[in-house]
Number of protein chains: 2
Amino acid sequence: MSSPALMSPYLMIRNAIIAQEFPPRAQLVENALAKKYNVSRTPIREALRRLETEGLVERYGSRMQVREYRPEEMLDLYEVRSFLEEAAAKTAALRHTDMDLMLIERAHQSMLDIKFEEASAAQMAAANRTFHERVWAASHSAALVDLLDRILVHFIRYPGTTLSTPERWSQVLKEHEELVSAIRDRDAESAGKIASVHMEEAKNIRIEMYIDAQEIAPS
Amino acid sequence: MSSPALMSPYLMIRNAIIAQEFPPRAQLVENALAKKYNVSRTPIREALRRLETEGLVERYGSRMQVREYRPEEMLDLYEVRSFLEEAAAKTAALRHTDMDLMLIERAHQSMLDIKFEEASAAQMAAANRTFHERVWAASHSAALVDLLDRILVHFIRYPGTTLSTPERWSQVLKEHEELVSAIRDRDAESAGKIASVHMEEAKNIRIEMYIDAQEIAPS
DNA sequence: ATTCTACCACCTGTATACATTTTGGGGTTA
DNA sequence: TAACCCCAAAATGTATACAGGTGGTAGAAT
């Protein structure tokens, strides 16, 4: 994260939304943002349009406001991601080149090299993301990668990670191992199934996290 | 299609691209477009940004140009659509309300009411699209609908329809009938399978169309 | 003839000024 | 008191002016 002055209004506003500096349903007024970030309305408008297409910001009439979100929405997102990851895994199994496989294996090895106690949550999440991205790439379907990107954007708004315990971490590694094998064997059905189950588990962990949060701070 | 003056620059440019008035790789220069459509650069810029996120237009450095496309890409799109329609059908089977089912059945009936000889291709395509949209809606997954919308945008660039023969039309009706039944029975597996096969067939028809076109006008 | 340089034309990025629409409030009336 | 209307203020939509950067070309020198 570089200094504010070097960041585009798009990223500035985006970060502010994620940090809840602008809470859900907050009105995003062009003039106010322009003053706040010391640029003219023009770049602000473009940033808002972009955030709108990403789905972080919504129009109400002509006004823009921060999109609301409900924790339940997370389940929807995981569900769709599950379908897409299944599709990507299947397709990757059928279409991967030797190079694709090498890149996937290397990403997997990077995750194996991480010591859970020493690494930061961000590091682990990044390594995990890289692994999945390499699987996507191996599908050789630009359309599929585009959709996966689009879905994952929404996850930003939900804090935390599903990789937070050593048990889960080693479980993830085991499942990735299986996924790599299935892809290597060009076994599309298995690969799809593994990816799907993998996501289903992440979803369930999220549900637990949500319920725990509810019990600590009930409405 | 209303008169040009009433259409937003976004739609104007979009139509022009689809009509190949701006061929693939054509530079889209803001000033030129502004003069052509009698508006200032500001709305033109917004239109281009929007088209960029839709994927009809691409940046090369800071220049914008019409995105290239290859007929083979169509297969990718159908493949991804197939996954998504399968997901939507499965989810709709599990989650539909009585109202959802009624709307689906009504859309299906509308298609049955169409006489192939009398109806235009556009009418048939529209009725077909409505049917599918109602299935999507019955999934109650906003994220899924969003992705389907996003994928279908790209189909615009490829002319023609897969519903062009009476045989195919009645085949489509039969498969829709089966899909409605599976959804009604809340049989997710069948519904998913039917939707998936349905799309696979459309893909194959596209391949035939492409090959035929190649033979008539070889490179 | 070829290459290097300098300049000019063009295009995008940004700011600002102007136009239009929407909204919220206050006062009047039924 | 509630409803309606009108007006003022504010926010968005649009146009225009200005700045910065890039590419291409003409001309000169080798």
Side-chain angles (χ1 to χ4, degrees), chain A residues 1-69 153, chain B residues 1-69 153:
Chain A
M1 224 71 87
S2 50
S3 111
L6 301 176
M7 231 188 295
S8 66
Y10 161 70
L11 281 176
M12 308 270 294
I13 298 172
R14 190 171 189 265
N15 288 339
I17 291 173
I18 294 167
Q20 310 221 3
E21 185 182 334
F22 301 123
R25 301 193 66 88
Q27 298 279 339
L28 294 172
V29 175
E30 294 173 5
N31 256 317
L33 294 169
K35 248 189 262 174
K36 184 173 162 80
Y37 297 117
N38 276 309
V39 289
S40 76
R41 272 179 59 212
T42 314
I44 296 289
R45 283 176 70 81
E46 305 209 335
L48 290 178
R49 295 294 150 90
R50 191 163 162 195
L51 290 165
E52 186 190 1
T53 66
E54 276 189 12
L56 286 180
V57 156
E58 242 176 10
R59 296 179 95 84
Y60 267 80
S62 61
R63 308 301 174 85
M64 297 281 217
Q65 55 181 234
V66 177
R67 185 161 170 276
E68 270 201 293
Y69 62 99
V153 164
Chain B
M1 224 71 84
S2 51
S3 115
L6 301 175
M7 231 187 295
S8 66
Y10 161 70
L11 281 177
M12 308 269 293
I13 298 172
R14 190 170 188 264
N15 288 338
I17 291 173
I18 294 166
Q20 311 222 5
E21 185 182 334
F22 301 124
R25 302 193 66 88
Q27 297 280 337
L28 295 172
V29 175
E30 294 173 4
N31 255 318
L33 294 169
K35 247 189 261 175
K36 185 173 161 81
Y37 297 116
N38 277 310
V39 290
S40 75
R41 275 178 56 212
T42 315
I44 297 289
R45 283 176 70 82
E46 305 209 334
L48 290 178
R49 294 293 200 282
R50 192 164 162 194
L51 291 165
E52 186 190 1
T53 66
E54 275 190 14
L56 285 180
V57 156
E58 244 176 8
R59 295 181 97 84
Y60 267 79
S62 61
R63 311 299 175 83
M64 296 281 218
Q65 56 180 233
V66 177
R67 185 162 171 275
E68 269 201 294
Y69 64 98
V153 165

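Every value quoted in this text rests on a predicted model; they were computed, and no experiment measured them.
- Counting heavy atoms from C-beta on, the side chains of A/Met64 and A/Leu48 come closer than 4.5 Å.
- Of the candidates B/Glu58, B/Arg67, B/Arg59, B/Arg59 is the only one forming a side-chain contact (heavy atoms from CB on, under 4.5 Å) with B/Glu52.
- Nearest-nucleotide positions on DNA chain C place A/Val39 closer to the 5' end than the other of A/Tyr60 and A/Val39.
- Between A/Thr42 and A/Gly61, the residue whose closest nucleotide on DNA chain C is further toward the 5' end is A/Thr42.
- Distance, B/Lys36 NZ to C/dC11 P: 16 Å, rounded to whole Å.
- Between A/Arg63 and A/Glu30 there is no salt bridge, since none of the side-chain N atoms of the basic residue sits less than 4.0 Å from a carboxylate O of the acidic one.
- Rounding to whole angstrom units, CG of residue B/Asn31 and P of D/dA15 are separated by 13 Å.
- Contact check, A/Arg59 against D/dG13: a side-chain N or O comes under 4.0 Å of OP1 or OP2.
- Between A/Ile44 atom CD1 and D/dA11 atom C1' there is a gap of 14 Å when expressed in whole angstrom units.
- Atoms CD (B/Glu30) and C1' (C/dG13) sit 9 Å apart, rounded to a whole Å.
- Here D/dT16 is the nucleotide among C/dT12, D/dT12, D/dT16 with the atom lying nearest to any side-chain atom of B/Ser40.
- Regarding A/Lys35, its NZ atom lies at a distance of 15 Å from the C1' atom of C/dT16, rounded to whole Å.
- As judged by a 4.0 angstrom heavy-atom cut-off over every strand, B/Leu28 is placed among residues touching the sugar-phosphate backbone only.
- Going from atom CE of A/Met64 over to atom P of C/dT22 covers 16 Å, rounded to whole Å.
- Minimum atom distance to the side chain of B/Arg45 is reached by C/dT12, of the listed C/dT12, C/dC18, D/dA11.
- Put simply, the side chain of A/Ser62 and the base of D/dA11 share no donor and acceptor less than 3.5 Å apart.
- In terms of heavy-atom proximity, B/Tyr37 sits nearest to B/Ala16 at OH-CB, 3.8 Å.
- Salt bridge annotation for A/Glu54-A/Arg49: absent, with no cationic side-chain nitrogen under 4.0 angstrom from a carboxylate oxygen.
- For B/Pro43, taking side-chain heavy atoms from C-beta onward, the closest of the listed nucleotides C/dA15, D/dA15, C/dT12 is D/dA15.
- Across the protein-nucleic acid pair, B/Tyr10 atom OH and D/dT14 atom P stand 15 Å apart, rounded to whole Å.
- Between the CZ atom of B/Arg41 and the P atom of C/dA15 there is a distance of 13 Å, rounded to whole Å.
- One cannot find a donor-acceptor pair under 3.5 Å joining the base of D/dG23 and the side-chain atoms of B/Arg63.
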